[in-house]
Amino acid sequence: MSDAESGGRYHPIIIYVTCPDTATAESIANGLVEAGEAACVNIVPGIRSVYRWQGQVETAQEVLLLIKTQHTRLEALRTRVTESHPDDVPEIVAVPIVDGLPDYLGWLIETTEA
């Protein structure tokens, strides 16, 4: 479903969250889907991150979550991830979905209606 088709009402998004391990990733993913805050979460193991933290360049093996939801669920999702994530400052980055298969986007919106 495009924004035009929905009259500008819906804004599907993908949220990127990195996790330190598979157990954390699975726990967060299951909690989000069970609560209806995400329609689908892909768990992508084996990523290697390089980043600057507290003045030092760090590297870490991480697990990436690709979370599909709608913008109206972002605050609740952000709260749930922050509360259940072991990092002091978890990566939570939302990007808009500008287009997609209308049936898939319709399912995404229906699944995440509050």
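FYI, side chains are in, hydrogens and waters are out, and symmetry mates aren't considered; it's all heavy atoms of this structure.
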**OP:** Can you measure from CD (Gln61) to OG1 (Thr18) and round to the nearest 0.5 angstrom?
**Re:** 12.0 Å

Subject >> Student check: side-chain heavy atoms of Ser84 and Ser27 closer than 4.5 Å >> reply: no

Subject >> Val57 side chain near Val50 side chain, heavy-atom distance below 4.5 Å >> reply: yes

Original post:
Which salt bridge (charged side-chain N to carboxylate O under 4.0 Å, His left out) pairs, counting each pair once, include a residue from residues 37-49, with sequence neighbours left out?
Top reply: Glu37-Arg80

**OP:** Sequence neighbours left out, what passes side-chain contact (heavy atoms from CB on, under 4.5 Å) with Val81? Give chain and number order.
**Re:** Val17, Ile28, Leu32, Leu77, His85, Ile92

Subject >> Residues forming a ring-ring contact (aromatic ring centres under 6.0 Å, His included) with Trp53, sequence neighbours excluded >> reply: none

Original post:
Looking only at heavy atoms, what is the nearest atom pair of Cys19 and Ala25, with distance?
Top reply: SG-CA, 3.7 Å

**OP:** Report the distance from atom CD1 of Ile97 to atom CD of Gln70, rounding to the nearest 0.5 Å.
**Re:** 10.5 Å

For residues 38-47, dump all side-chain donor-acceptor pairs below 3.5 Å to protein atoms at least two apart in sequence or in another chain.
{"unit_1": "Asn42", "atom_1": "OD1", "unit_2": "Lys68", "atom_2": "NZ", "d": "2.0"}

**OP:** First locate atom OG1 of Thr59, then atom CD of Gln56, and finally report the distance between them rounded to the nearest 0.5 Å.
**Re:** 12.0 Å

Subject >> Qualifying residue for side chain to side chain contact (heavy atoms under 4.5 Å, CB included) with Ile67, from Ile13, Ile14, Ile15, Val33 >> reply: Ile15

Subject >> Qualifying residues under salt bridge (charged side-chain N to carboxylate O under 4.0 Å, His left out), relative to Glu75, sequence neighbours excluded >> reply: Arg78

Original post:
Which residue pairs pass the salt bridge (charged side-chain N to carboxylate O under 4.0 Å, His left out) test when at least one of the two sits in residues 52-61, sequence neighbours left out?
Top reply: none

Subject >> Approximate separation, where rounding is to 0.5 Å, of Leu74 CG and His11 NE2 >> reply: 12.5 Å

**OP:** Start with the C-alpha gap between Tyr104 and Leu108, add the side-chain angles, then the distance that decides, and say whether side chain to side chain contact (heavy atoms under 4.5 Å, CB included) holds.
**Re:** CA-CA 6 Å; Tyr104 178 83; Leu108 185 157; 4.1 Å; yes

Original post:
Should we count OH of Tyr16 as having more than 12 external heavy atoms under 6.0 Å?
Top reply: no

